[in-house]
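Down below is the structure, laid out as structure tokens.
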Protein chains: 2
Amino acid sequence: MATQPDTRTEARTPLSRERVLQAAIGLADEGGVDAISMRKVGQELGVEAMSLYNHVANKEDLLTGMVDAIVEEIPPFTPGLDWKTALRGRALAARDVFKRHEWAPRVIETRTDMTPPMLAYMDSVVGIFIQGGFSMDLTHHAMHVLGSRAFGFTQELFKETDEFDENDEMAMLLMQQMLEPYPNILAMAMSADHEHERMLGPGCDDDLEFVFGLDLILDGLERLRDRETEGADAAG
Amino acid sequence: MATQPDTRTEARTPLSRERVLQAAIGLADEGGVDAISMRKVGQELGVEAMSLYNHVANKEDLLTGMVDAIVEEIPPFTPGLDWKTALRGRALAARDVFKRHEWAPRVIETRTDMTPPMLAYMDSVVGIFIQGGFSMDLTHHAMHVLGSRAFGFTQELFKETDEFDENDEMAMLLMQQMLEPYPNILAMAMSADHEHERMLGPGCDDDLEFVFGLDLILDGLERLRDRETEGADAAG
DNA sequence: ACCACAAGTTTACGTCGTACGTTTACGAAG
DNA sequence: CTTCGTAAACGTACGACGTAAACTTGTGGT
């Protein structure tokens, strides 16, 4: 069969790094990180796997490009607020983005080098501290304590642990039995927090824990900053 | 060639789950997480890959078994101390273990379910809070803020970022150039913390940041606990 | 009309996890 | 001593993966 004009013209939506990245992100969004393989991404674009290598150096580069694209989704920093609400806003904005791409945290953690979009975002966060009167030293520590929280996520060690249906008596019993050797965890698991459950629907627990931790850390940092400036000679 | 007595008797150090796990851990300790493949572990034991399946269900099970073995290395909890030093001690003991197995954090983060050793360790940590007068609710939050810190590690977003040789002028210049578009990060990077460098050798920075964060969080939690008990009616 | 070049394809290699069938070694029963 | 059941290790095989290298094809410049 000869190549027909139809085939020739309709197949021409030329590949591009952008298109490759977006296809991969789409795949990951629905299928998780394991859904990304060169062959699958190619398939998604109606193209053989090897063609992708015209636009990404290798799979690592693909992954890095993906998180870069995500980070660039974070809305730009709007100055003028006091440091604490600025930082809080920035973290929550980032969180919003990362919630749309649940695979991203796990991928970020495997990157080894900083990329310009990452650096740009971090620079804006560091800037908030400095602007807020924090010393360089304390700012440095602050970035470390915040860790991934500055990017809006925390890696939950075990996702399923504290999710259970309180109305399913069978499940409750099973859980109680399973946790019997661990009395403290059992006690904690049994005391659902009905106060907060009321104001946040199910599945929003993550958000609550996130801001709880974020505020705890920000308050602690604020106190350290104030202590630092009040006795300006004592170091360490 | 007939099977000779030599071959028969000398080849008999029978496999076992323990031996498989230890071999895999050994491999991971020196070669990182990518060094673990069924074939390589088999090779390490002088055995074909498939033989391992007599002792582990699959690779996931192998990985889970490996982190279980690590967690069981954490020394048991010794009661009798006040909650804060108890918790601090527990986290640092865990940290000690995980520093001997740098691959472990990354593997833990990919586990989906709790295992008995994990639960046992967590139970001991939860117990410290409860014993220390924390409410169930606050204990629950506390476990979330601590996150992986309760296990003695934090996932550094980018390992290399703030490591550079201050005496290598060439490297310094290059870094300055690279960070030029990010003035805040540059400023932070340039202000090495000579106070602390003095009392902790190079490479110990991680430890310093870890305890800084840990203490910040513990202090914050303590304040919340005291506020909770002082006005015992106000919730939320 | 030609040709260089970019973009996509094809083929191929080595590695991975693991399903499945076979062989071997050993302890107990005859 | 033979026989045989059983568990453990072996060997082969399959499909999926990342990617190197060679090949084809459609397009724009001369």
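When reading the values below, keep in mind they use all heavy atoms of this one structure, side chains included, and skip hydrogens, waters and symmetry mates. In what follows, every chain begins at residue 1, and chains take the letters A, B, ... in the order their sequences are listed. Keep in mind that what you see is a predicted model, and the values were worked out from it rather than measured.
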Side-chain ion pair, B/Glu60 and B/Arg111, N-O less than 4.0 Å:
yes

Rounded distance (Å) that lies between atom [atom2] of [N] and atom [atom1] of [X]:
X: A/Lys59; N: C/dT15; atom1: NZ; atom2: C1'; answer: 14 Å
X: A/Arg39; N: C/dC13; atom1: CZ; atom2: P; answer: 14 Å
X: B/Arg17; N: D/dA8; atom1: CZ; atom2: C1'; answer: 17 Å
X: A/Asn58; N: D/dC17; atom1: CG; atom2: P; answer: 17 Å
X: B/Leu52; N: D/dA8; atom1: CG; atom2: P; answer: 13 Å
X: B/Tyr53; N: C/dG21; atom1: OH; atom2: C1'; answer: 17 Å
X: A/Leu45; N: C/dG8; atom1: CG; atom2: C1'; answer: 13 Å
X: B/Glu60; N: C/dC16; atom1: CD; atom2: C1'; answer: 14 Å

Check against side-chain hydrogen bond (donor to acceptor under 3.5 Å, both in side chains), B/Glu18 and B/His55
CA-CA 9 Å; B/Glu18 196 47 34; B/His55 303 98; over 6 Å; no

Aromatic rings A/Phe151 and A/Phe153: how do their planes relate, parallel, tilted or perpendicular, breaks at 30° and 60°?
tilted

Students often get this wrong, so: under 4.0 angstrom with heavy atoms, is A/Ser51 touching a base, only sugar-phosphate, or nothing?
base

Position toward the 5' end of DNA chain D (nearest nucleotide), A/Met38 or B/Glu48
B/Glu48

[X], nearest nucleotide to its side chain (from [options]):
X: B/Val47; options: D/dA8, C/dC16, D/dC10; value: D/dC10
X: A/His55; options: D/dC17, C/dG8, D/dT19; value: C/dG8
X: B/Met50; options: C/dA12, C/dC20, C/dG17; value: C/dC20

A/Arg95/A/Asp207 under salt bridge (charged side-chain N to carboxylate O under 4.0 Å, His left out): CA gap, chis, key distance, verdict
CA-CA 9 Å; A/Arg95 180 169 180 75; A/Asp207 288 330; 2.9 Å; yes

Assess the residue pair B/Asp34 and B/Arg106 against the criterion (salt bridge (charged side-chain N to carboxylate O under 4.0 Å, His left out)); give the C-alpha distance rounded to whole Å, side-chain angles, the decisive distance to 0.1 Å, and a yes or no.
CA-CA 11 Å; B/Asp34 294 335; B/Arg106 209 180 289 296; over 6 Å; no

Any A/Asn54 side-chain N or O less than 4.0 Å from OP1/OP2 of C/dG8
yes

Determine: side-chain N/O of A/Lys40 to OP1/OP2 of D/dC17, distance under 4.0 Å, yes or no.
yes

